[in-house]
Visitor: 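This is the structure I want to talk about, given as structure tokens.
Order of the sequence lines fixes the chain letters, A, B, ..., with proteins taken first and strands second; residue numbering starts at 1 for each chain.
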2 protein chains.
Amino acid sequence: MPPHPDIAGVHLQQVLEALVDPVRRQIVRELHAADEALRCGVIDLPVSKSTATHHFNVLREAGLIRQYYVGTSRMNALRRDEVEKVFPGLLALVAAEDHPGAGRPSSGRAGPGGTP
Amino acid sequence: MPPHPDIAGVHLQQVLEALVDPVRRQIVRELHAADEALRCGVIDLPVSKSTATHHFNVLREAGLIRQYYVGTSRMNALRRDEVEKVFPGLLALVAAEDHPGAGRPSSGRAGPGGTP
DNA sequence: CCAAAAGTTCGATGTCTGTCAAACTTCGAT
DNA sequence: ATCGAAGTTTGACAGACATCGAACTTTTGG
């Protein structure tokens with residue numbers, strides 16, 4: 001429910017910061033493929049629930065996804081057309097990504113506590 | 001002179017990591033606009049020379065620019081067509097960027113020592 | 001030959017961001 | 001009413017990255 005920014009007002013900087021994380025790109029890819037809103041839990045992410053919540057929030061704040069509740073489930077929908085209008089081709093690049101392994105950052109960025 | 005990767009082998013992850021930095025996008029924009037190779041010094045960057053060197057290296061390693069020496073000057077050329085072939089539309093997004101202020105990261109990332 | 005110019009290398013530093021665990025909230029079903 | 005499922009919130013933490021200054025290399029110009 002927090003604020004969904006108007007994509008026209010989002011800077012490329014913020015969108016890139018959102019998409020530079022492999023986990024967040026995975027989310028975008030799955031939403032793109034599903035072509036419909038998905039529950040958070042449906043997407044199998046390699047991180048804890050709290051971290052997942054964080055990633056969804058970042059995507060929302062960047063104007064890439066729209067979120068709304070249905071019961072206790074948070075639905076997530078890719079803002080396809082809107083994003084396409086402001087950043088043409090961007091989603092296609094992510095959707096077409098050849099996600100090797102798990103799309104880990106080039107310079108082994110995994111954060112601490114990764115998998116102790 | 002260090003290795004220039006074959007762009008076809010570069011992952012989207014690495015390219016995004018390169019382009020997420022405002023300074024590096026500025027470099028790409030200027031090279032895009034110039035449409036020819038430019039000396040490092042010609043591009044007026046808001047960072048020290050050593051930092052600039054770092055940024056040019058990151059861009060080269062990501063396959064976005066090609067570098068070669070002419071005297072003591074290092075020339076930098078955008079690998080337009082090659083990048084366009086593998087990541088269509090990507091350069092256009094950066095080139096068309098509405099660089100506000102100085103394109104500082106959304107979450108004030110400036111690093112230490114920024115402006116003491 | 002000497003000096004200036006153009007970058008590079010090296011080491012140090014501070015901030016940011018991803019990550020987790022634990023406690024909490026909320027809604028639906030039994 | 002109670003229990004479970006689904007997420008959220010709140011600290012804490014560690015690793016990466018951008019950044020700088022100083023010293024060095026190399027090439028051009030006087």
Side-chain angles (χ1 to χ4, degrees), chain A residues 1-3 13-27 37-62 65 67-76 102-116, chain B residues 1-3 13-27 37-62 65 67-76 102-116:
Chain A
M1 20 261 282
Q13 179 66 42
Q14 192 174 355
V15 174
L16 289 179
E17 281 173 3
L19 292 178
V20 83
D21 187 285
V23 175
R24 290 195 285 260
R25 278 204 310 287
Q26 180 186 339
I27 293 174
L38 295 180
R39 279 184 31 233
C40 291
V42 166
I43 304 179
D44 188 39
L45 300 173
V47 295
S48 69
K49 282 202 295 182
S50 50
T51 300
T53 294
H54 167 62
H55 286 311
F56 279 106
N57 286 342
V58 171
L59 288 173
R60 172 175 45 70
E61 285 159 18
I65 65 175
Q67 302 183 298
Y68 56 92
Y69 275 102
V70 172
T72 76
S73 297
R74 190 170 220 176
M75 304 301 297
N76 306 278
R104 74 285 251 167
S106 3
S107 315
R109 134 108 69 215
T115 305
Chain B
M1 34 254 287
Q13 178 67 43
Q14 193 175 354
V15 175
L16 290 179
E17 281 174 3
L19 293 177
V20 82
D21 187 286
V23 175
R24 291 194 285 260
R25 278 205 309 287
Q26 180 185 339
I27 294 174
L38 295 180
R39 281 183 30 235
C40 291
V42 167
I43 304 180
D44 187 40
L45 300 172
V47 296
S48 68
K49 280 202 297 184
S50 50
T51 300
T53 295
H54 167 63
H55 286 311
F56 279 106
N57 285 342
V58 171
L59 287 173
R60 172 174 46 71
E61 285 159 19
I65 66 174
Q67 301 183 298
Y68 55 93
Y69 275 101
V70 172
T72 75
S73 296
R74 190 171 220 177
M75 304 301 295
N76 307 277
R104 73 286 250 173
S106 4
S107 314
R109 148 159 351 260
T115 304

Visitor: Do B/S50 and B/T53 have a side chain donor and acceptor closer than 3.5 Å?
Guide: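 No, because no side-chain N or O of B/S50 sits under 3.5 Å from a partner of the opposite role on B/T53.
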
Visitor: Measure OH/A/Y69 against C1'/C/dG28 and give the value in whole Å, please.
Guide: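 The distance from OH of A/Y69 to C1' of C/dG28 comes to 15 Å, rounded to the nearest Å.
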
Visitor: Kindly indicate whether the side chain of B/S50 and the base of C/dG7 share any N or O donor-acceptor pair separated by less than 3.5 Å?
Guide: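 A donor-acceptor contact between them is absent.
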
Visitor: For A/T72 and for B/K49, locate the closest nucleotide of DNA chain C by heavy-atom distance; then report the residue assigned to the nucleotide nearer the 5' terminus.
Guide: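 Mapping each residue to its closest nucleotide by heavy atoms, the 5'-most match is B/K49.
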
Visitor: Quick one: closest heavy-atom pair of A/P46 and A/Q26, and the distance?
Guide: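 Between these two residues, the closest heavy atoms are CD-OE1, 3.7 Å.
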
Visitor: Hey, are the side chains of A/N76 and A/L38 touching, using non-hydrogen atoms and a 4.5 Å cut-off?
Guide: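 Answer no - side chains too far apart.
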
Visitor: Got B/R24 and B/L19 here, is their nearest side-chain heavy-atom distance under 4.5 Å?
Guide: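 Side-chain contact under 4.5 Å: no.
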
Visitor: Could you give the CD-to-C1' distance, from A/E17 to C/dT17, as a whole number of Å?
Guide: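 Roughly 10 Å, once rounded to whole Å.
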
Visitor: Tell me if a side-chain donor or acceptor on A/Q13 pairs with a main-chain N or O of B/V20 at a distance below 3.5 Å.
Guide: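 Yes; judged by distance alone, with no hydrogens or angles, the pair exists.
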
Visitor: To the nearest angstrom, how far is B/M75 atom CE from C/dT8 atom P?
Guide: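 Distance check: B/M75 CE to C/dT8 P gives 13 Å.
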
Visitor: Checking the side chain of A/Q14 only, and the main-chain atoms of A/V58 only, is there a donor and an acceptor separated by less than 3.5 Å?
Guide: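 Absent.
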
Visitor: Which listed nucleotide (C/dC20, D/dG7, D/dA18) is nearest to the side chain of B/H54?
Guide: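 From the listed options, D/dA18 comes nearest.
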
Visitor: Could you state the CG-C1' distance from B/D21 to C/dT17, rounded to the nearest angstrom?
Guide: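 It is 15 Å, rounded to the nearest whole Å.
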
Visitor: Which residue lies toward the 5' end of DNA chain C, A/A52 or B/T53, if each is placed at its nearest nucleotide?
Guide: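 Looking at the nearest nucleotide for each, B/T53 comes out on the 5' side.
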
Visitor: Starting at atom CG of B/L59, determine the distance to atom C1' of D/dA18, rounded to an integer number of angstrom.
Guide: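 The answer, rounded to whole Å, is 14 Å.
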
Visitor: Tell me the interatomic distance from B/L19, atom CG, to D/dA18, atom P, rounded to whole angstroms.
Guide: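 Value for this atom pair: 12 Å.
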
Visitor: For residues 37-45 of chain A, which residues have at least one heavy atom under 4.0 Å from DNA chain C?
Guide: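 Heavy-atom cutoff 4.0 Å gives no residues at all.
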
Visitor: Expressed as a whole number of angstroms, how long is the span from B/E61:CD to C/dT8:C1'?
Guide: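 Between C1' of C/dT8 and CD of B/E61: 14 Å.
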
Visitor: Whole Å only: how far is the CD atom of A/Q13 from the P atom of C/dT17?
Guide: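 Atom CD in A/Q13 sits about 10 Å away from atom P in C/dT17.
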
Visitor: If you check the B/H55 side chain, which of C/dG18, D/dT19, C/dT19 turns out closest?
Guide: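 It is D/dT19.
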
Visitor: Please determine whether a side-chain nitrogen or oxygen atom of A/S48 lies at a distance below 4.0 Å from atom OP1 or OP2 of C/dC20.
Guide: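 Looking at the OP1 and OP2 atoms of C/dC20, one of them is under 4.0 Å from a side-chain N or O of A/S48.
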
Visitor: For residues A/I27 and A/R25, determine if any side-chain heavy atom of one lies less than 4.5 Å from a side-chain heavy atom of the other.
Guide: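 No - every pair of side-chain heavy atoms lies 4.5 Å or more apart.
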
